[in-house]
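Computed from heavy atoms alone, side chains included, the values below leave out hydrogens, waters and symmetry copies. Just so we're clear, the structure is a prediction, and the values are computed from it rather than from any experiment.
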Amino acid sequence: MSQGSSQRPHRVAVIVDEGTNPFEVGVATELFGLPRPELGLPGPLYEVTLCAPAPEIRMNHGFFTLTGVRGLDAVAEADTLVVPGRPDNVVPRGPDVLDAIRRAHARGARVVSFCTGTFALAEAGLLDGRRAATHWRWTDCFRRLHPRVLLEPDVLFVDEGGLLTAAGSAAALDLGLYIWRRDHGAEIANHVSRRLVFAAHRDGGQRQFVERPVPEVRDESLAPLLAWAQERLDEPLTVADLAARARVSPATLHRRFRAQLGTTPLAWLTGERVGVACRLIERGEERLDVVAARSGLGTAGNLRTRLRRVTGLSPSAYRRRFGGGGGEALGS
């Protein structure tokens, strides 16, 4: 769905099961259920429905009971089904919940799990032979219960086409913004992330657990360096340049990026440049060499390679989908 789509809102159903974690239900409604007048669009892009297998559902630890939501019949209308996590993962899900998940997947709906919601997708048999992510604390338990699933224990989220799994509660925000980006482009996803006051893009392959040791000096935060680099992405910045700006060795900078961001300086720099390229294309820049130069990706060939690796689309396909016009001048 492009930015200028006049289609009906994309329907999102969120299954609230017995013991479901409230935070992840909140993440789903915050991401996809709120009005977004800041986007300046004629209508909402998503429409959220909470549904449950019973009229009253006791949430995690009995903090409150959810009532007045739709039954599982709402799943049949959903374009995307979200399955939040719960702490009692060794207790099987109800057959009605598992059947609703299976039927949604069988008819082509996108199925998304947050945190330990991955257990429900695995119980439904959707993940056998597929990659998946879940919370690091439940890795051993998950592998014991679901040995046929290709669990990736140290990533934020995994995209297996119509099956997407997030590793934890905060990673659910990363996956949600990733879905916004894939559905509507980088520009709109950035608006959503700013409203959330959350990082616009953390790659799914980043580590779940990021060590933040007490710094030996007063402030070793990378924030000033990142802000400095983001203003100069069109320049031929290298990792050595970043290290020199931070007044540390490249090896020390690499360790700090790993500790604070869970990625490498080069991967962060490339990701930021691809983000700039996406926004330029969305805003109507048709000249591929100009996009490559202004984003710091250098050549049209490198731009094509990087954009396809991140978005799965060529520059012309990306512009047709998110730029509101044809893309012949961008090449393929």
[X] side chain to [Y] main-chain N or O, any donor-acceptor pair under 3.5 Å?
X    : Y    : answer
R232 : W228 : yes
W180 : L31  : yes
R279 : A186 : no
N21  : F23  : no
T165 : A133 : yes
T270 : A267 : no
N60  : T20  : no

Side-chain heavy atoms of [X] within contact of [Y], under 4.5 Å:
X    : Y    : answer
F257 : T264 : no
H146 : D128 : no
L269 : L233 : yes
L253 : L222 : yes
I281 : E285 : no
R308 : Y318 : no
R287 : R294 : no
R36  : V192 : yes

(message) Aromatic contact between F114 and H135, with the criterion being ring centroids under 6.0 Å apart: yes or no?
(response) no
Test: [X] and [Y] ion pair at under 4.0 Å:
X    : Y    : value
R283 : E187 : yes
R102 : E123 : no
R131 : E160 : yes

Shortest non-hydrogen pair, L288 vs L303, comes out as CD1-CD2, 3.1 Å
Shortest non-hydrogen pair, A122 vs V149, comes out as CB-CG2, 4.2 Å
### Message
Working note: D183 + R110, criterion salt bridge (Lys or Arg N to Asp or Glu O under 4.0 Å); need CA distance, chi angles, decisive distance, verdict.
### Response
CA-CA 12 Å; D183 287 354; R110 179 167 57 192; 2.9 Å; yes
Exercise. For L72 and V97, what are the C-alpha separation, side-chain angles and deciding distance, and is it a side chain to side chain contact (heavy atoms under 4.5 Å, CB included)?
Worked result: CA-CA 8 Å; L72 293 178; V97 170; 4.2 Å; yes
Distance only, no hydrogens: is a donor on one side chain within 3.5 Å (strictly under) of an acceptor on the other, for [X] and [Y]?
X    : Y    : answer
T238 : D241 : yes
T118 : S113 : yes
R255 : T252 : yes

*asked:* Do L177 and V25 land in one hydrophobic cluster if side-chain heavy atoms of ILVMFWY residues count as linked below 4.5 Å?
replied: yes
* Quick one: sort the H10 and Y46 rings into parallel, tilted or perpendicular, breaks at 30° and 60°. => perpendicular
- Item | Criterion side chain to side chain contact (heavy atoms under 4.5 Å, CB included) on C51 and V16, from CA distance to verdict | CA-CA 6 Å; C51 59; V16 185; over 6 Å; no
Just checking R148: does its CZ atom have more than 12 heavy atoms from other residues, nucleotides or ligands closer to it than 6.0 angstrom? no
Yes or no on salt bridge (Lys or Arg N to Asp or Glu O under 4.0 Å) for R130 and E152, after CA distance, side-chain angles and deciding distance? CA-CA 10 Å; R130 297 177 182 270; E152 297 201 1; over 6 Å; no
By side chain to side chain donor-acceptor pair (under 3.5 Å), D99 pairs with (sequence neighbours left out) R103
So D79 and R8, salt bridge (Lys or Arg N to Asp or Glu O under 4.0 Å) or not? Walk me through it. CA-CA 11 Å; D79 304 302; R8 61 162 175 79; 2.8 Å; yes
Checking L175, V12, L121 against V112 for side chain to side chain contact (heavy atoms under 4.5 Å, CB included), the one that qualifies is L175
